[in-house]
Amino acid sequence: MFPFAYHRPTDLDAACALLAGNDEAKLLAGGQTLIATLKQRLASPSDLVDLARVPGLAGMSRAGDVLVIGAMTRHGEVAASKLVRETIPALAALAGLIGDPAVRNRGTIGGSIANNDPSADYPAACLALDATIRTDRREIPAGVFFLGLFETALAPDEIILTVSFPIGGVATYEKFPNPASRYAMAGAFVWKGEGQGEGEVRVAITGAGQGGVFRWAEAEAALAEDFSPAALEGLALDGDEMIADIHGSGAYRAHLAGVMTKRAVARIVERGSP
C-alpha cells in the first residue's frame, strides 16, 4: 500500500473533523472493497478514518412503519435479524446472498451503498424499497442517491448514519451470482404494493447496467397492469447499455436481468414473499 495516516475516532464529531477540508481522506467501514483497492495500489488516500469505534452507527430498530438500519451494521447481522425477517424478509434474504461468510461478517450496509459498486446487492433493495439514506447533515431519497458507476450524491466528507426502509408491500430478490465473487451478474429486486398502494410496482436491476443500479420502468408499467411473469414477455433491456466483460456480454446480462425479474415476480405470485 501507499503510506497513509490511520485514525480510529471514538465519536462522530471527531470523525467529521478528520474529514473536514481533507478531500484525500477516505472512510473505512467494512473495508471489503477499500482494503483490496489499497493493496493493489489503486488508491492513495492521505488519511484513513476507521468508523469501527464510533458509537451509534450499528444496529436495527423499527420506528412505526419504517425499518431503520445503522450504516455500520454487518451483512450477516441483517441476514440473521429476526426483526428484518419479520418486517422485510426480502432484505434479510438479500443480505444472506452477499459474498461468503467472511464478507458477510465484515462488510456493512453503509459501506456497500456508499461504494455503489454496479454489481452490489443493497443498491437494488434501496431503490425498489424506496429507502432513505440519512447522513450527518441531511436525508437523501434512494432515487437521487445513486448517480452512476461508483458515484453517489454523497459529499467527500459526508458520513452515512442510517438507512431507512418503509415497511409494507411484498418483495423478493433474485440474482445470478458470479460463481467466484458472488457479485450479481444480474439481480432483480421486485416490490409490489398492497392495500392503498396496490398496483404500484418497483423493479430495480443491479449487476447489469453500465451506469450501475437502475429502475426498469417498462417492466414496472407492464407489471402494474398485470402482475405476472407473462406480463414481461416481449420486454427486453438494451444489451448495448449493459456491462460487457470477460464474464459475459451485454446481451447476456440483459437476458439474465429479464430472467431474474420473471423469477422474482413468480415467487411473489406464488408465495407473496420470499
Side-chain angles (χ1 to χ4, degrees), residues 1-60 68-78 95 98-99 102-127 131-164 181 183 206 211-213:
M1 301 182 187
F2 292 107
F4 55 82
Y6 175 76
H7 309 273
R8 206 172 197 189
T10 56
D11 61 69
L12 185 60
D13 288 341
C16 292
L18 288 165
L19 294 175
N22 186 358
D23 291 343
E24 298 302 317
K26 291 284 187 183
L27 285 170
L28 176 63
Q32 297 306 287
T33 297
L34 181 56
I35 296 300
T37 302
L38 293 174
K39 291 172 69 175
Q40 295 177 66
R41 298 170 71 88
L42 296 175
S44 55
S46 61
D47 299 80
L48 208 58
V49 182
D50 190 343
L51 297 176
R53 290 186 179 174
V54 176
L57 294 184
M60 293 154 281
V68 182
I69 302 179
M72 288 293 287
T73 307
R74 313 288 182 184
H75 308 321
E77 294 170 335
V78 175
I98 297 174
V103 169
R104 290 193 291 273
N105 283 284
R106 290 300 304 169
T108 65
I109 184 171
S112 175
I113 65 175
N115 188 49
N116 193 20
D117 189 294
S119 297
D121 301 289
Y122 273 126
C126 289
L127 274 186
T132 298
I133 294 89
R134 184 169 70 90
T135 74
D136 59 317
R137 64 193 68 173
R138 57 179 170 153
E139 293 187 347
I140 310 172
V144 297
F145 180 84
F146 302 103
L147 300 182
L149 206 66
F150 295 102
E151 184 182 5
T152 71
L154 291 171
D157 59 347
E158 198 166 4
I159 301 175
I160 297 175
L161 303 182
T162 62
V163 186
S164 297
S181 68
Y183 270 111
T206 189
V213 67

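Along the sequence shown, residues carry numbers from 1.
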Interatomic distance, [X] atom [atom1] to [Y] atom [atom2] [nearest 0.5 angstrom]:
X: Ile69; Y: Arg74; atom1: CD1; atom2: CZ; answer: 14.5 Å
X: Leu19; Y: Asp47; atom1: CG; atom2: CG; answer: 9.0 Å
X: Phe145; Y: Cys126; atom1: CZ; atom2: SG; answer: 8.0 Å
X: Leu48; Y: Leu18; atom1: CG; atom2: CG; answer: 11.0 Å
X: Thr108; Y: Glu77; atom1: OG1; atom2: CD; answer: 10.0 Å
X: Met1; Y: Arg41; atom1: CE; atom2: CZ; answer: 10.5 Å

For the residue pair [X] and [Y], establish whether any side-chain heavy-atom pair is separated by less than 4.5 Å.
X: Asp117; Y: Gln32; result: no
X: Asp157; Y: Asp136; result: no
X: Glu24; Y: Phe4; result: no
X: Ser112; Y: Asp121; result: no
X: Ile113; Y: Thr152; result: no
X: Phe150; Y: Pro118; result: yes

Residues Leu12, Leu161; criterion side chain to side chain contact (heavy atoms under 4.5 Å, CB included); working and verdict
CA-CA 10 Å; Leu12 185 60; Leu161 303 182; 3.9 Å; yes
If you count the non-hydrogen atoms of other residues, nucleotides and ligands that lie under 6.0 Å from CZ in Arg137, is the total more than 12?
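Check passes, neighbour count above 12.
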Which pair of non-hydrogen atoms, one from [X] and one from [Y], has the smallest distance, and what is that distance?
X: Asn116; Y: Gly148; result: ND2-O, 2.9 Å
X: Thr206; Y: Ala120; result: OG1-O, 2.6 Å
X: Ile109; Y: Gly70; result: CG2-O, 3.4 Å

Backbone N/O of Gly59 and side chain of Thr73: donor-acceptor pair under 3.5 Å:
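It does hold such a pair.
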